[in-house]
Amino acid sequence: MAELQAPKGVPEYFGPRGAAFRAVREALSLPPQRAGYGYVELPVFEDTALYVRGVGESTDVVAKEMYTFEDRGGRSLSLRPEGTAGVMRLAIEHSLDRGQLPVKVWYAGPFFRAERPQQGRYRQLQQVGLEAIGSSDPLLDAEVIALADEGFRSLGLVQFTLQLTSLGCRECRPGYRELLQGFLARLDLDDATRERAAINPLRVLDDKRASVQQQLEGVPYMVDHLCADCSAHYDAVRDGLRRLGVQWTEAPALVRGLDYYTRTAFEFTHHLLGAQSGIGGGGRYDGLMSSLGGQDLPGIGWGLGTDRTLLACDAEGLAPGAGPGVDVFGVPMGDEARGRLLELGHALRGVGVRFDLAFGERGLKSAMKAADRSGAPLTLIVGDQEIAAGTAVLRDMASGAQEQVPWESVQPIVLQRLDSSEGTTT
RNA sequence: GUGGGUAUAGCUCAGCUGGUAGAGCAUCGCGUUGUGGUCGCGAGGGCCGCGGGUUCAAGUCCCGUUACUCACCCCA
């Protein structure tokens, strides 16, 4: 056991796993990029008050899962537990809300929650997120949802469901909330649940315990008590999803852990993941910006779990980012050959060929072994004979076929071979 | 925060009723001259998580502790 270990609950990715992780992140962030979302790089920590006001004081995320600390100036800071609040702050601070609307941004990176770790639940979790601020068009909701769906599908995932509901607005939610609290008050619940029912009654709906679920028979749902506007909005969202060919399941008991959600709320659930099955989720947050001191602009967004999406890929037998890391591997015999291959490789990289080289003084055999392990389809072998003849040996690793190539024509020939074997990537 | 499980080689694990440690994979080398993947041979690598106890003797039994892990809670 190593003396120094990574902090508890922090996943690390390296080797093929690192490639897979990166591939997942890219796949999830590609749809937003193609839809005109701009990249934002956000701070990893913010003023604690931002999360208390934005995410909600009563949420578990803020109440007991934040990494909060004081800096040297006595300011209370917190590692970001989610991304939306930070984007709102950035948009307000830099007056993005005064410009072209909607403001569409995406981001990716680590978030932090001090939870007890388990499969798919980490203290440092990775997300790809997106926010669209300044439009309440229900078709935007549909598009936002479709962009998430597209990301998952582009990885080859199919064993997941989109759960969809509407959480109402400040007009219809209070009435429903009272109705629900009235219902919950008559149930036999433990203290903790009773308290939750008082603070955020919606939360009780997705309690997984059978003892609670049995009693929820006949509970009123928000979707059945939407005001006319919310109801029309929800209909239009569903219509948009139909146009985009996105399938969903009505999930009236769906609850989001963050307080700011209004109207459209959704979650992507993977069927093969066990307890931590949510691979992404989001929704509308029409009152959030004004509550943080900005204009009263509506917004919608999502966060997709990069770690969990990778686990979902595992579960479905998918291997994102697999394949060789380089196209050509250099096998030198002798110092002069190594130096020449270093130069040649540099030039090859310049035209987009991925190249690696057997560094160090090693024998041909061992260098060939390294070439094999690199996965490169082509190997360039150079020794004294080749130097004398002004050539290099180009070996096709799959077939074992070798050819003498004039030094000056190595580059075009390599490009041609890579092109014809079509196994190239960027 | 609440419950359960597991800690032995880099990785995956075996080690039955206590007798001072094994396999597969991986790594490195060899199988003669400048050729990888297959095959054969060999080598390196372990305070058996940590601390205490029982015993002539503990990887093995008991207690504690720490870490990991799964589930609840919560969420990505």
Side-chain angles (χ1 to χ4, degrees), chain A residues 1-3 5-11 15 24 28 55 59-65 80-84 108-129 148 152 160 190 192-193 195-196 200 203-204 206-212 254-258 266-270 273-282 302-312 329 331-334 337 358 362-387 393-402:
Chain A
M1 189 124 303
E3 191 189 345
Q5 292 176 267
K8 192 186 183 81
V10 172
V24 168
L28 295 180
V55 177
T59 61
D60 283 20
V61 167
V62 168
K64 39 188 206 191
E65 293 172 0
R80 60 182 185 185
E82 58 96 57
T84 305
F111 296 87
F112 306 86
R113 294 181 197 174
E115 302 183 274
R116 186 101 171 239
Q118 67 190 63
Q119 179 71 265
R121 189 173 74 182
Y122 307 111
R123 292 188 170 179
Q124 175 173 307
L125 56 115
Q126 296 276 351
Q127 286 189 343
V128 173
F152 292 134
F160 67 90
D190 59 277
T193 312
E195 195 181 333
R196 205 174 315 142
N200 192 334
R203 268 311 144 64
V204 181
D206 74 342
D207 197 309
K208 283 179 197 149
R209 291 170 296 184
S211 60
V212 176
L254 177 67
V255 175
R256 310 255 59 230
L258 314 175
F266 55 90
E267 193 168 310
F268 288 88
T269 313
H270 197 270
L273 279 191
Q276 311 302 323
S277 59
I279 52 175
W302 48 238
L304 311 184
T306 317
D307 312 277
R308 285 187 188 176
T309 301
L310 179 54
L311 292 175
F329 197 92
V331 172
M333 282 172 281
R362 53 203 304 185
L364 174 58
K365 215 173 173 110
S366 131
M368 280 304 291
K369 223 173 220 177
D372 183 51
R373 253 168 296 207
S374 78
L378 296 175
T379 296
L380 275 170
I381 304 163
V382 176
D384 293 341
Q385 289 171 28
E386 286 72 25
I387 293 172
V393 171
L394 181 62
R395 179 181 177 89
D396 180 300
M397 292 301 273
S399 67
Q402 295 190 174

Are side-chain heavy atoms of [X] and [Y] found at a separation under 4.5 Å?
| X | Y | value |
| --- | --- | --- |
| L273(A) | F160(A) | no |
| D307(A) | L311(A) | no |
| M368(A) | I381(A) | yes |
| P110(A) | R80(A) | yes |
| L28(A) | Q127(A) | no |
| E115(A) | K64(A) | no |

Which part of the nucleic acid, if any, lies within contact of [X], taking any heavy atom under 4.0 Å across all strands shown: a base, the sugar-phosphate backbone alone, or nothing?
| X | result |
| --- | --- |
| A358(A) | nothing |
| G400(A) | base |
| E386(A) | base |

Identify the pairs formed between an N or O of the protein and an N or O of nucleotides 38-40 of chain B at a distance under 3.5 Å, and give each distance.
none

If the [atom1] atom of [N] is compared with that of [M], how far apart are they to the nearest Å?
| N | M | atom1 | answer |
| --- | --- | --- | --- |
| G15(B) | C61(B) | P | 12 Å |
| C63(B) | G5(B) | P | 12 Å |
| C62(B) | G24(B) | P | 31 Å |
| G22(B) | G45(B) | C1' | 14 Å |
| G4(B) | G40(B) | P | 48 Å |

| query | Looking at CE of M333(A) and CD of E386(A), how far apart are the two atoms once the value is rounded to the nearest 0.5 Å? | reply | 5.5 Å
Between the protein and nucleotides 28-30 of chain B, list the N/O to N/O atom pairs that are separated by less than 3.5 angstrom.
{"unit_1": "C28(B)", "atom_1": "OP2", "unit_2": "R373(A)", "atom_2": "NH1", "d": "3.3"}

| said: Take N1-N3 plus N6-O4 or O6-N4 for Watson-Crick, N1-O2 plus O6-N3 for G-U, both under 3.5 Å. Which runs of 3 or more such pairs involve RNA chain B? | reply: B:1-7 with B:66-72, B:10-13 with B:22-25, B:27-31 with B:39-43, B:49-53 with B:61-65
| request: Do nucleotides 68-76 of chain B as a string where each nucleotide becomes B, S or -: B if the base has a protein heavy atom under 4.0 Å, S if just the sugar-phosphate does, - if no protein is that close. | output: S-SBBBBBB
| message | The criterion is ring pair (Phe, Tyr, Trp, His ring centres under 6.0 Å); which residues satisfy it with F266(A), sequence neighbours excluded? | response | none
| request: Round to a whole Å and report the spacing from CG of L364(A) to C1' of U35(B). | output: 5 Å
| Mind checking what makes salt bridge (Lys or Arg N to Asp or Glu O under 4.0 Å) contact with K8(A), not counting sequence neighbours? | none
